[in-house]
Amino acid sequence: MSTYTAPLKDMQFAIKELAGLPEITALPGCSEVNAELVDAVLGEAARFAQEVLDPLNRDGDKQGAKLAGGNVTTPKGFKEAYRKFIEAGWNGLGAQPEYGGQGLPHLVSVPVQEIWKSANMALCLAPMLTGGVLEALKVHASPEQMKTYGGKLTAGVWSGTMNLTEPQAGSDLSAVRTRAVREGDHYRIQGTKIFITWGEHDMTENIVHLVLARTPDAPEGVKGISLFIVPKFLPRPDGTPGERNDIKCVSIEHKLGIHGSPTCVLAYGDNGGAVGTLVGEENRGLEYMFTMMNHARLSVGVEGVAVGERAYQHAVEYARTRVQGREIGQKSGDRVTIIHHPDVRRMLMSMRSQTEAMRALAYFAAATLDKSKHHPDPAEKRRNQALLDLLTPIVKGWCTEQGVDVASTGIQVHGGMGFIEETGATQYLRDARITTIYEGTTGIQAGDLVGRKVGFEKGATALAVIEGMRALDSRLAAGGQDLAATRAGLKEAVASLDGATHWIVDTFPKNPKGVAGVSVPYLKLFGTVAGGWMMARAALIAQEKLKQPDADRDFLQGKLATARFYAEHELPRAAPFAREVTSGADSVLALDPSKF
Ligand SMILES: Cc1cc2nc3c(=O)[nH]c(=O)nc-3n(C[C@H](O)[C@H](O)[C@H](O)COP(=O)(O)OP(=O)(O)OC[C@H]3O[C@@H](n4cnc5c(N)ncnc54)[C@H](O)[C@@H]3O)c2cc1C
């Protein structure tokens, strides 16, 4: 069975060279971070993931979480691994120092998340959600609420969840019906939430639910939703967990993947109402929850990278050992391992280059997030916020769709053995499959991209990004023959993205339905080209570094090779995507819903 090894060299390259670590360490509030610290953190995270989390991944998938009498038991070893995780301080890596966190920039915490998700995605959803809850509370909660919950959540002794979904309210949160009735200084919550990740479990002494609910006189729709903190155990004045709140886990889902992560149906208020406290002001809950959701969307995008990497490593290992056939052109002699067959090499190159492109884009978005928070120049701060807003649905939507694709190719590399559970390749595809659904489906991300992020602002940020991509051309031209294919691929793909973006900008005001119909191909187009942009930048940097006498030649030649492969095999998909966008809207809507 293959084991996970964190791809530290590629991660360090993406952090330092592509996402621009020096720029981030120069920001106010990030000055304690330096390259050596980043290397040390990544190295330790890799060791922890390889020794503690990865060995539980497969058994966690086989055993799954179990519910009995309202209590959820996690797979064998999860509780102990989580305890080690929080004792080592990993939970508070990106959290505020005043609550015991280490306050490291996203450009460090996001790569560390990739390591956790590669090693054990199901288990590491718990700390991811806790991080999201902290992110939302930090911005919107009162000092008293932070005093009660900030330290416990940062330490990870209490975990956090997000409670949005109800049977009738999935993508459309305006349909949320859970009720919150004021009672003195708190509210009584009643309703049913479904699909709540880590909604009940045995790994922490308390669980802090962030719950969307409506007060009785709230306006209809999204403007009438408020946000509440509803803990499993009500905290005593001394901060320890006290009386059990009126929340019950009534079932957990039997699902395709992430079996180790309990996905819970939670009943609130069967015995009079669960006690909750309001976050911020009434009726602004969805706005507050978006702080958490944007955080979580980037993290889920990173799951695409993480599963892609894990599937790639598994496939390489299999391809190195499976003997089948002879090299092309040889009729006798030894049979060879399948890694010698050109088509298997194509699949492995495709998995590797896609994963490298996703990683580079996700880390670039993490650095953009850091700049949007800490840049001292208000104009730069705003520019980075707009860029982050554009990149978030792309990282979420594109990286997760690619993650599924890479995991599926991983199965293909295994042949029939890939379809068999024993090999382990299926788990990556099963686990990856949820990533395009939760935290807003790809369709929802794409709608956000073409509407709020491109249509409404008449393409201002998108076209500025495209200009940045174009600006690379002269530098690629100076790179000579080594970069010729990368340059040609990027140039053509950028032209396709530019054309499709102008089409979206022009068509959105007059035909928003048509634009919505081709929004997913546009999202895929943007992701594909943005990935190619990152790969071309990587190739330029690699070429420059190869001039140094002590250069890591194997690694840097590898970067040139994957950039070229991406340009020749992935970027040619841009033109058909653009054609689909600019000429496919009418046929999407050609049949009336009654005709299906
Ligand atoms: C394993 C798992 C874990 C989850 N964890 C959590 C959690 O921790 N907390 C939580 O609150 N929720 C959680 N969810 C819920 C998840 O976020 C929702 O499933 C998701 O948002 C989609 O909602 P839905 O399932 O109701 O699908 P629907 O909204 O019914 O969507 C069905 C289809 O219609 C499309 N669609 C719907 N509306 C539109 C639209 N306006 N435009 C275009 N297409 C549209 C969707 O893209 C999709 O293809 C989880 C779900 C699962 C399966």
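Indexing begins at 1, ligand by ligand and atom by atom, following the structure's order.
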Q. Should Phe195 be counted as touching ligand 1, given the test is an N or O pair under 3.5 Å?
A. yes
Q. Taking non-hydrogen atoms only, is Thr197 closer than 4.0 angstrom to ligand 1 via side chain, backbone, both or neither?
A. both
Q) Can a donor-acceptor pair be found between the side chains of Ser226 and Glu282 at a distance below 3.5 Å? A) no
**Q.** Donor-acceptor pair between Asp431 and Gln427 side chains, under 3.5 angstrom
**A.** yes
(Q) Out of the candidates Lys524, Lys396, Glu401, only one should pair with Thr442 under the side chain to side chain donor-acceptor pair (under 3.5 Å) rule; please name it. (A) Glu401
Q. Strictly by modelled atom types, are Thr73 and Asp202 linked by a side-chain donor-acceptor pair under 3.5 Å?
A. no
Q: Report the part of Ile434 in contact with ligand 1, treating N, CA, C, O as backbone and CB onward as side chain, heavy atoms under 4.0 Å; options are side chain, backbone, both, neither.
A: side chain
Q: Evaluate the 4.0 Å heavy atom contact test for atom 11 (O) of ligand 1: does a protein atom fall under the cut-off?
A: yes
Q. Listed by chain and number, what are the side-chain contact (heavy atoms from CB on, under 4.5 Å) partners of Ala122, not counting sequence neighbours?
A. Asn120, Ile258, Ser261
Q: Mind checking side-chain contact (heavy atoms from CB on, under 4.5 Å) for Pro55 and listing every partner two or more places apart, or none if nothing turns up?
A: none
**Q.** Arg310/Asp54 ion pair, N-O < 4.0 Å
**A.** yes
Q: Quick one: pull up CD in Glu114 and CZ in Arg359 and give me the separation to the nearest 0.5 Å.
A: 4.0 Å
Q. For atom 30 (O) of ligand 1, is some protein heavy-atom partner under 4.0 Å away?
A. no
Q. What's the shortest distance from atom 9 (N) of ligand 1 to any protein heavy atom, and which residue and atom give it?
A. Met162 O, 2.8 Å
**Q.** Within-cut-off N or O pair, Ile196 and ligand 1, under 3.5 Å
**A.** no
Q: Taking atom 33 (C) of ligand 1 as the reference point, report whether a protein heavy atom occurs under 4.0 Å from it.
A: no
Q.
For a quick check under 3.5 Å, do Asn163 and Tyr268 share a side-chain donor-acceptor pair by atom type?
A. yes
Q.
Is Glu439 close enough to touch ligand 1? Criterion: a residue heavy atom under 4.0 Å from a ligand atom.
A. yes
Q | Shortest protein contact, atom 44 (N) of ligand 1 (heavy atom only) | A | Ile444 CD1, 4.5 Å
Q: Starting from atom 26 (O) of ligand 1, locate the nearest protein heavy atom and write down its residue, its atom name and how far away it is, to 0.1 Å.
A: Gly170 CA, 3.1 Å
Q) For ligand 1, which atoms have a heavy atom of Ile437 less than 4.0 angstrom away? A) 20 (C)
(Q) Evaluate Asn163 for polar contact with ligand 1, using N/O atom pairs at a separation under 3.5 Å. (A) no
Q: Please examine the side chains of Lys513 and Leu589, heavy atoms only from C-beta on, and report whether any two atoms are closer than 4.5 Å.
A: yes
**Q.** Under 4.0 Å to a heavy atom of Thr263 - the qualifying atoms of ligand 1, by number
**A.** 1 (C), 2 (C), 3 (C)
Q: Using the salt bridge (Lys or Arg N to Asp or Glu O under 4.0 Å) rule, take Arg177 and Glu166 through it: C-alpha gap first, then chi angles, then the decisive distance, then the call.
A: CA-CA 8 Å; Arg177 279 195 209 135; Glu166 298 178 11; over 6 Å; no
Q: Please report which non-hydrogen protein atom sits nearest to atom 15 (C) of ligand 1, along with the residue it belongs to and the distance in Å to one decimal place.
A: Thr165 OG1, 3.2 Å
Q. Nearest heavy atom to atom 22 (C) of ligand 1: which of Ala169, Ser261, Ser171 does it belong to?
A. Ser171
Q: Among all protein heavy atoms, pick the one closest to atom 46 (C) of ligand 1 and tell me residue, atom and distance.
A: Thr441 OG1, 3.6 Å
